[in-house]
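The structure appears right after this line, and notes come after that.
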Amino acid sequence: MGKDVIVACDFSSAEQVYNFLDKFEGGRKPFVKIGMELFYAEGPQIVREIKKRGHKIFLDLKLHDIPNTVKKAMSVLSNLDVDITNLHAAGTVRMMEAAIEGLTRPDGTRPLLIAVTQLTSTDQESMENDLLIHEPIDKVVMHYAHNAKVAGLDGVVCSPLEAGKVHDTCGSNFLTVTPGVRFADGDIGDQKRVMTPAEAKKIGSDYIVVGRPITAADDPVAAYNRCVAEFVD
Ligand code: C5P
């Protein structure tokens with residue numbers, strides 16, 4: 001898969017997400033991220049419906065449990081036929097290997113599987129005090145990315161600021177999916193370390209995940225097309 005803009009559809013009902021997606025009828029169909037909020041509100045049917053409308057889907061449920069449970073959950077998710085799904089690398093290499101096993105269908109195909117390393121909401125201080133991890137956070141992020149690669153995963157979710165280093169550590173084919181994207185003239189909201197779509201492209205992100213700059217825009221289709229023009233074209 002090539003570079004693409006993934007729209008984070010952080011809505012709490014099917015009605016809201018369909019109202020939003022209806023605006024794109026007749027144009028380029030966005031790659032859609034379905035997160036916990038929408039999935040827990042509407043269940044797996046929402047994934048089938050959005051897929052039926054012709055969108056690619058990143059199912060962002062960030063699994064983290066014992067290997068056997070994650071394997072079985074991934075096996076169920078593989079039936080939903082999404083394009084990308086994810087888990088927490090903190091679950092260990094063995095959990096990630098089990099996830100790949102569960103996700104792989106009898107014919108050998110599977111959705112892409114990427115790992116969350118350290119959440120961008122975790123900083124050095126909370127990692128040391130709450131998790132008792134005393135290494136520098138960027139070293140921890142690169143180690144978790146390396147573990148994901150060793151387990152056979154396809155890439156990681158990371159800050160666009162880390163994408164270059166992840167590629168240096170894990171190879172250029174290892175995918176970097178990067179949230180924290182804002183337009184140069186836009187509101188950054190609660191994101192701390194942001195990049196524009198054009199900067200994310202320059203640094204080598206494979207996919208950018210963009211939520212509110214598109215979903216909360218006066219003209220979401222124009223905002224999406226601007227992202228595509230800066231990042232993909
Ligand atoms: O609205 P905004 O563009 O900030 O949305 C970014 C999306 O990416 C949200 O769905 C958020 O949960 C997700 N995300 C993030 N930072 C991470 C991982 C996921 O912002 N480290």
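Note that ligands are numbered from 1 as they come in the structure, with each ligand's atoms numbered from 1 the same way. Source: prediction; values computed, not measured.
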Any sub-3.5 Å donor-acceptor pair from E128's side-chain atoms to E135's backbone N or O? no
Does a salt bridge link K201 with D233, judged by any charged N lying under 4.0 Å from a carboxylate O? no
Would you call D4 and R28 a salt bridge, taking side-chain N to carboxylate O under 4.0 Å as the test? yes
For [X], take its heavy atoms, then give the atoms of ligand 1 lying under 4.0 Å from any of them.
X    : value
T120 : 16 (N), 17 (C), 21 (N)
R212 : 1 (O), 2 (P), 3 (O), 4 (O)
A8   : 7 (C), 10 (O)

Who's the nearest protein heavy-atom neighbour of [atom], and how far?
atom                    : answer
atom 11 (C) of ligand 1 : K33 NZ, 4.4 Å
atom 18 (C) of ligand 1 : P179 CG, 3.8 Å
atom 20 (O) of ligand 1 : Q191 NE2, 2.9 Å

Evaluate [X] for polar contact with ligand 1, using N/O atom pairs at a separation under 3.5 Å.
X    : answer
K62  : no
G211 : yes
D60  : no

Tell me the contacting part of P213 for ligand 1: side chain, backbone, both, or neither, using a 4.0 Å heavy-atom threshold, strictly below. side chain
Heavy-atom distances under 4.0 Å decide this one: backbone, side chain, both or neither, for D10 against ligand 1? side chain
Close side-chain approach of [X] and [Y], heavy atoms under 4.5 Å:
X    : Y    : result
V5   : P30  : no
K62  : V157 : no
R226 : E230 : yes

Quick one: does L119 get within less than 4.0 Å of ligand 1, heavy atoms only? no
Strictly under 4.0 Å, does any heavy atom of G35 approach an atom of ligand 1? no
Heavy-atom pair with the smallest gap, counting every atom of A14 and L38: N-CD1, 4.3 Å
Please work out which of the three classes, parallel, tilted or perpendicular, describes the rings of F31 and Y207, given edges at 30° and 60°. perpendicular
Take the angle between the ring planes of F24 and Y224 and call it parallel below 30°, perpendicular above 60°, tilted in between. perpendicular
